[in-house]
Amino acid sequence: MPNDDNILEVQGQIEKITYFNEENNYTVAKMRVQGREGLVTMVGTVFSVAPGETLRLRGRWSKHPRYGEQFVVVSYESVLPATVKGIERYLGSGMIKGIGPVMAKRLVSTFGAETLSIIDCEPDRLNEVAGIGEKRIEMIRNAWEDQKEIRDVMIFLQGHGISPAYAVKIYRQYGRDSIQVVRDNPYRLAMDVFGIGFVIADRIAEKLGIPKDSQARIEAGILYVLQGLADDGHVYYPYGELIRKCGSILEIEEKDIPASLKSLVAQNKIVVDNIQSPSDAPVYLSVFYASEAGIANKMKEIISCPRQLKLVDDEEIAAWAEADLCITLSGRQMAAVKASVNSKIMVITGGPGTGKTTIINAIIKVFNRMGQKVLLAAPTGRAAKRITEATGREAKTIHRLLEYSPGGPSGESGFKRNETNPLEADLVVVDEVSMVDTLLMYHFLKALPAAATLILVGDVDQLPSVGPGNVLKDIIDAGCVQVIRLNEIFRQSRQSMIIVNAHRVNSGEMPVATHGEGSLKDFYFFSVEEPEKVLERVISLCKQGLISKFGYKPLDDIQVLTPMHRGTVGVANLNAELQKALNPAREELLRGGKLFKIGDKVMQIRNNYDKDVYNGDIGRVAGIDKEMQELKVNYDGRLVSYDFSDLDEIVLAYAISVHKSQGSEYPVVIIPVLTQHYMLLQRNLFYTGITRGKKLVILIGTKKALAIAVRNNKQQERYTLLRERLKSETPVSRES
């Protein structure tokens, strides 16, 4: 830290923010400083500043070897602009919702140097401005007051490492109580505010003097560890392993943890399922215990409930199915159709090209003949759209089928359909069940009438759900329901090397690929060693190669899938480079270190029930309104608005992880395969990626990496007891 003798004080107006890192508030800006010619570069940790704003800075001049002279900020304070031009730029920067550049010009032309004072003290006078209505005045008044409140919160949080975007979220959650809540229990932030996890809350707590071994910290830490394990796919975690993990992560003595575990059990926040054997007893977050036990109980209830179907013999079923479809079913397909009439719950599993869709169509025809009401569902919008196209019948996402409403009944997570208001259906078919996690399956089963028939369709060899559990595999392994396994590739599907190679990979064999010679027109492998060269080839194919050769459109038809998030060909860098190459749009928004442009391909990364968009949904940026501080995304013709403070819910999607591609199909899939991805080169991941391509799959990388992925059939085990609960004859006690 420089000696106070070296500290200078300067004052100037921000002209342009050239860089801002939301994680640590590090800012690079161009300023017009009194007594200096031209623009001056300012660098340092500042927050919530905007072009047009005047700052009084304390710091020192420094010579950067690459960027030249800079003023390095040690501390600063905001000074409201005094000149008319400064006020106009300040208000037009978008910091006050309802005021953009045009409105700022009108305000300043009406009130001149008194503009800020009038907004602050006499907002009713804003009606003197031409073209401004009462609604806009109210918006500006509220935004100005909120901005002042948020400033106070930001000033308090600045010293605790919290970014401005998070400060806005905290203020939105707690309002004027924000500072008091943070002082009293900063760990509440980790539970209540999306994006603020335990690590950030713990940083605040440390600066507030809360000791590491305080019970509040340990309890919050246990919940944080369990939630992190759930994010890794675990429904529960063994008691002894959890103690050790918490001790390591929280940096506390293991002996201090059991008391907090007991406290969390008493608060109904966690469940320890078998207290007699504490060393390996499963420890659940309560919601996952209720969900896992609930799935088992509900499935047993459905299986034991008498059927409501009239008796139909197998020959009549066969005749109906083939007559309505105008095709001859294979023996395995016919067995599945017959079993659907004689089973309360049935699983159909198999890879691409094995006839799952044909079976679904046949089952629907048979149940229609019997006068049964049929509902179709899938976990994602894209998967639901696919089954709609394949069957000619409407399919809904599970969330829409359950009629989610933000104001839903208490305790039902907003799902209107539940035990007391079940679905009206005799048969429900759910596709892509490998994607369905424990929590969603529980809510779905609660809404299923016990007398109904349930058909679960999915590929058990794909990656398991992003959320906790391995529901489809556990149901199959439990052996308590009829399972139809399909492994025969039908003749028409054998013409697709995508399907043939998917099955080869799933069997542990290397795929057959070409560089473009011969008859293999839909599966290519390009041998490239260096990650930088792989990146160049990906960009080249997306930008022009696939357009000139096949006519594919980069944003509509091509999806890059990658195993990694970091690195040269990881999700983050691929998105940045593909955005530069594929989207020349000039209208853009730099927010929290992320750049969004009109036309960008983006993906939602959390379930947002209020907006009716869900984790993995992909859309295109359709509008950026800096005046209203909103970004609009087009999801299949439906516009969804995001406040600027909510943009951490979406990310660029020119490239996505293989996990995020589940349930989707794309005309073209490009997958980099390099040994740098060693930890994630797994057969089921590679198999899932290949099966996302409909017309063309291109692999770029090394044969060594490809061989590693094909050979590595070791999957990460998930802690789940659904299989055992389904096998058990005893109903499981659960929380509703």
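Just so you know, these numbers use all the heavy atoms, side chains as well, and skip hydrogens, waters and symmetry mates.
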Donor-acceptor under 3.5 Å (Ser434 side chain, Val460 main chain): no

More than 12 heavy atoms from other groups under 6.0 Å of CZ on Arg606: yes

Asp459 and Pro352, any side-chain heavy atoms less than 4.5 Å apart: yes

Arg692 side-chain N/O to Thr688 backbone N/O, donor-acceptor pair under 3.5 Å: yes

Qualifying salt bridge (Lys or Arg N to Asp or Glu O under 4.0 Å) pairs, either residue in residues 430-445, two or more places apart: Arg386-Glu432

Pair Ser664, Arg382: side-chain N/O donor-acceptor within cut-off below 3.5 Å: yes

Any donor-acceptor pair under 3.5 Å from Arg718 side chain to His234 backbone: no

Donor-acceptor contact below 3.5 Å, side chain Asp474 vs main chain Val471: no

Partners meeting ring-ring contact (aromatic ring centres under 6.0 Å, His included) with Tyr666 (sequence neighbours left out): none

Main-chain N/O of Lys553 paired to Asp557 side chain as donor or acceptor, under 3.5 Å: yes

Partner of Glu292 by side-chain hydrogen bond (donor to acceptor under 3.5 Å, both in side chains), out of Asn297, Thr438, Thr720: Thr720

Quiz item: cation-pi between Lys446 and Phe444, 6.0 Å / 45°: no

Donor-acceptor pair, side chain of Lys356 and main chain of Gly350, under 3.5 angstrom: yes

Lys695 (side chain) donor-acceptor with Pro667 (main chain) under 3.5 angstrom: no

Tyr236 and Asp273: side chain donor to acceptor below 3.5 Å: no

Donor-acceptor under 3.5 Å (Thr562 side chain, Val571 main chain): no

Pair His399 + Tyr404: ring centers closer than 6.0 Å: no

Atom CD of Glu389: over 12 foreign heavy atoms under 6.0 Å: yes

Set of side-chain contact (heavy atoms from CB on, under 4.5 Å) partners for Arg620, sequence neighbours left out: Leu555, Asp556, Lys601

Enclosure of Gln267 CD (heavy-atom neighbours >12, cutoff 6.0 Å): yes

Rounded distance (nearest 0.5 Å) linking atom CG of Leu223 with atom CG of Leu264: 5.0 Å

Ser496 OG to Leu696 CG distance, which is reported to the nearest 0.5 Å: 10.5 Å

Heavy-atom side-chain contact between Leu402 and His443 under 4.5 Å: yes

Backbone of Ser641 reached by a side-chain donor or acceptor of Lys611 within 3.5 Å: yes

Any donor-acceptor N or O pair under 3.5 Å, side chains Asn608, Glu649: yes

Donor-acceptor under 3.5 Å (Ser291 side chain, Leu439 main chain): no

